[in-house]
Amino acid sequence: MYAMAIKELRELLRDRRTLALLVIIPIVLLIIFGYAANFSVDRTSILITGPGKTDVEAVLRQSATAQDDFSVHSAATSLTQDEISTALQHQDYAAIVVAQKPDHNALLSTYTHIYIDGSELFSAQSVQRAWMRVIADDNRTHVTEIRADIEDARRRAEAFKGDLSSIRTQIDTLRTTFDGPLTPEVLAQLQQQPSLPTIPETPELPDTTVLSIDDVDIDQLSTVYFNPDLKTSWIMVPGLIGVVITFIGVIVTSIGLVRERETGTLEQLAVMPIRPTGIILGKIAPYFALALADASAITAIGVSLFGVPFTGSIWRYAIFTVLFVVVVLGVGILISSLSETTGQAIQLSIMVVLPQALMSGLVFPLESMGEQVRWIGYVLPLTWFIKVSRGIMLRDASIEQLSMSLVILFGMAIVLFGAATIRMHMLLRKGGAVR
């Protein structure tokens, strides 16, 4: 047994890929996900508009919570409901605050309302929590000011009461000790003295309630667009469609193609009168059809079973889905061309799929990730497909609004498919040799 253990250890040490997978990759993943694993969005962008925006801005400038959690912008003109909906649809801001009338108690009045983009679940929840804290802090400030004013009035009343008592005592003393002749003129003057006013009672502090976060009814103060109830399923299902496509396109495709090398049939492909591009297209055609069928089935099940809305154009959604399938199939082909065995293909596929599932914004919001690893999320294809699927299904986003995702996915498709074709051409030219 000892000799067998030594043999396996030596083979493991000679297998650099497996050794890296067992030692280096876990450390790298721990560091990356340690910075990425954060559900709370620290800072969101909000827009202030309406006739009373000056009062709201003044409150937010004095609020430590608002300064920490919000990036506040001011609209030059008041926005209509359609303009608010359009701005949130474009995702220019996470929320828009409308102050309909100037009011000193801006946040406590019914004149201020906040509109939130619910298609980004974590950002919407962060805005709601932060806004409730701002309202509670503003209420606490107003209550403190009211109590200070009442205390000041109470002290003034006590002082006024003391002064009146002193004056009354002096008059009574004067009346009792007056020893001059009580002539008719003196009696007439004493009778003409005005009566002293009644000393007011000392005011008591009213039972003023200080609002806490739990006391704030955010439903009356806010409106959530695109996901009114902030359902998790509405956010997860569009992203899970991309995860399934990624799984099929990367893992299944890479395993299917690497078998050609293991069984030795790659040499046969090398002598056939077929160009490398034709070989690749012929090999991936079944996986392409399977990925599209799975995407269609999951979309239909998600919409019907979980009640996820599909407000956008199905043809627009289909175009982006086809483009994304091409991207992930390119990744699978590239992995297959770089792998010598099925085990190596699975290892590389896991290294590609796992970060996409965790760092694409599906589980952890990109805005909450550390700056050290956030850039990784923006180079993953799944990140952009999630933006597309949520945008089309929840917000009815247009091609113009999704233009950045379109350009990036198209560029990825060209680069990945081009690299896979070049690599496959090299392998076929060498007659299926590994290198």
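The CZ atom of Arg129 lies 10.0 Å from the OG1 atom of Thr44; values are rounded to the nearest 0.5 Å. Summarising the geometry, atom CG belonging to Leu394 is positioned 5.5 Å from atom CD1 belonging to Ile235; distances are rounded to the nearest 0.5 Å. Taking CG of Leu329 as the start and OG1 of Thr253 as the end, the distance is 4.5 Å to the nearest 0.5 Å. Atoms OG and CD1, from Ser222 and Ile114 in turn, are 7.0 Å apart once rounded to the nearest 0.5 Å. Residue Leu221 holds its CG atom at 9.0 Å from OG1 of Thr112, rounded to the nearest 0.5 Å. Summarising the geometry, atom CD belonging to Gln356 is positioned 11.0 Å from atom CG belonging to Leu362; distances are rounded to the nearest 0.5 Å.
Put simply, the side chain of Leu348 reaches to within 4.5 Å of the side chain of Met351, judged on heavy atoms. Side-chain contact between Ile46 and His73 is absent, with no heavy-atom pair separated by less than 4.5 Å. Between Leu402 and Ile392, the closest side-chain pair of non-hydrogen atoms falls below 4.5 Å. Leu380 has its side chain within reach of Met359: a pair of non-hydrogen atoms, C-beta onward, lies under 4.5 Å apart. Considering only heavy atoms from C-beta on, Glu120 stays 4.5 Å or farther from Pro365 through its side chain. Looking only at side-chain heavy atoms (C-beta outward), Phe306 and Met236 stay at 4.5 Å or farther from each other. Residues Asn227 and Asp117 form no side-chain contact, since every pair of their non-hydrogen atoms from C-beta on lies 4.5 Å or further apart. In this structure the side chain of Phe288 reaches within 4.5 angstrom of the side chain of Val322, judged on heavy atoms.
No donor-acceptor pair closer than 3.5 Å links the side chain of Thr223 to the backbone N or O of Tyr115. For Thr299 (side chain) and Ala295 (main-chain N/O), a donor-acceptor pair under 3.5 Å exists by modelled atom type. In this structure, the side chain of Trp234 does not engage the main chain of Pro228 through any donor-acceptor pair within 3.5 Å. A donor-acceptor contact shorter than 3.5 Å links the side chain of Arg43 to the backbone of Asp68. A donor-acceptor pair is defined here as one N or O able to donate and one able to accept, closer than 3.5 Å; no such pair exists between the side chain of Ser336 and the backbone of Gly332. For the pair Ser71 (side chain) and Ser45 (backbone), a donor-acceptor distance under 3.5 Å is absent. When atom types are taken as modelled, the side chain of Thr86 and the backbone of Asp82 share a donor-acceptor pair closer than 3.5 angstrom. For the pair Lys53 (side chain) and Ala75 (backbone), a donor-acceptor distance under 3.5 Å is present. Judged by distance alone, the side chain of Thr65 and the main-chain N or O of Ala130 form no donor-acceptor pair under 3.5 Å.
Heavy-atom minimum distance, Ile386 versus Gly239: CG1-CA, 3.8 Å. Shown here for Gly118 and Val224, the closest heavy-atom pair between the two residues is CA-CG1, 3.6 Å. Leu323 approaches Ala413 most closely through the heavy-atom pair CD1-CB, 4.2 Å. Shortest non-hydrogen contact noted between Pro238 and Ser233 is CD-O, 4.1 Å. Across all non-hydrogen atoms, the minimal contact from Met369 to Leu358 is CE-O, 4.0 Å. For the residue pair Ala95 and Val127, the shortest heavy atom distance occurs at CB-CG1, 3.8 Å.
Between the side chains of Gln89 and Tyr225, no donor N or O sits under 3.5 Å from an acceptor N or O. With 3.5 Å as the limit, one finds a donor-acceptor pair spanning the side chains of Arg395 and Ser119. Using modelled atom types and a 3.5 Å distance limit, the side chains of Ser349 and Ser254 yield a donor-acceptor pair. Side-chain contact annotation: Ser74 with Glu57, donor-acceptor N/O pair under 3.5 Å present.
Taking Asp396 as the reference, Arg316 meet the salt bridge (Lys or Arg N to Asp or Glu O under 4.0 Å) condition, with sequence neighbours excluded. Remark: Leu290 pairs with Ile248, Asp294 by the side chain to side chain contact (heavy atoms under 4.5 Å, CB included) rule, at least two apart or across chains.
Comment: Asp69 engages Arg133 in a salt bridge, judged by a side-chain N to carboxylate O separation of less than 4.0 angstrom.
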Give the intermediate values and the outcome of side-chain contact (heavy atoms from CB on, under 4.5 Å) for residues Val97 and Thr49.
-> CA-CA 6 Å; Val97 179; Thr49 183; over 6 Å; no
Output, in order, the C-alpha distance, side-chain angles, deciding distance and verdict of side-chain contact (heavy atoms from CB on, under 4.5 Å) for Arg61 and Gln67.
-> CA-CA 7 Å; Arg61 282 194 298 268; Gln67 295 298 317; 4.3 Å; yes
Any chance you could lay out the side-chain contact (heavy atoms from CB on, under 4.5 Å) test for Ile399 and Phe320, step after step, and finish with the verdict?
-> CA-CA 10 Å; Ile399 292 292; Phe320 278 98; 3.6 Å; yes
Please walk me through it: do Tyr317 and Phe310 pass ring-ring contact (aromatic ring centres under 6.0 Å, His included)?
-> CA-CA 10 Å; Tyr317 178 78; Phe310 200 109; 5.3 Å; yes
Thr246/Val352 under side-chain contact (heavy atoms from CB on, under 4.5 Å): CA gap, chis, key distance, verdict = CA-CA 9 Å; Thr246 302; Val352 171; 5.9 Å; no
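Atom CZ of Phe247 has 12 or fewer heavy atoms from other residues, nucleotides or ligands within 6.0 Å. Remark: Ile314 CD1 is loosely packed, at most 12 non-hydrogen atoms of other residues, nucleotides or ligands lying under 6.0 Å away. Summarising the local packing, CD of Glu400 is surrounded by 12 or fewer heavy atoms from other residues, nucleotides or ligands at distances under 6.0 Å.
Residue pairs meeting the ring pair (Phe, Tyr, Trp, His ring centres under 6.0 Å) criterion with at least one member in residues 374-422, sequence neighbours excluded: Phe324-Phe385.
Checking each of Ile255, Val250, Ile346 against Ile335 for a side-chain contact (heavy atoms from CB on, under 4.5 Å) leaves exactly one that passes, namely Val250.
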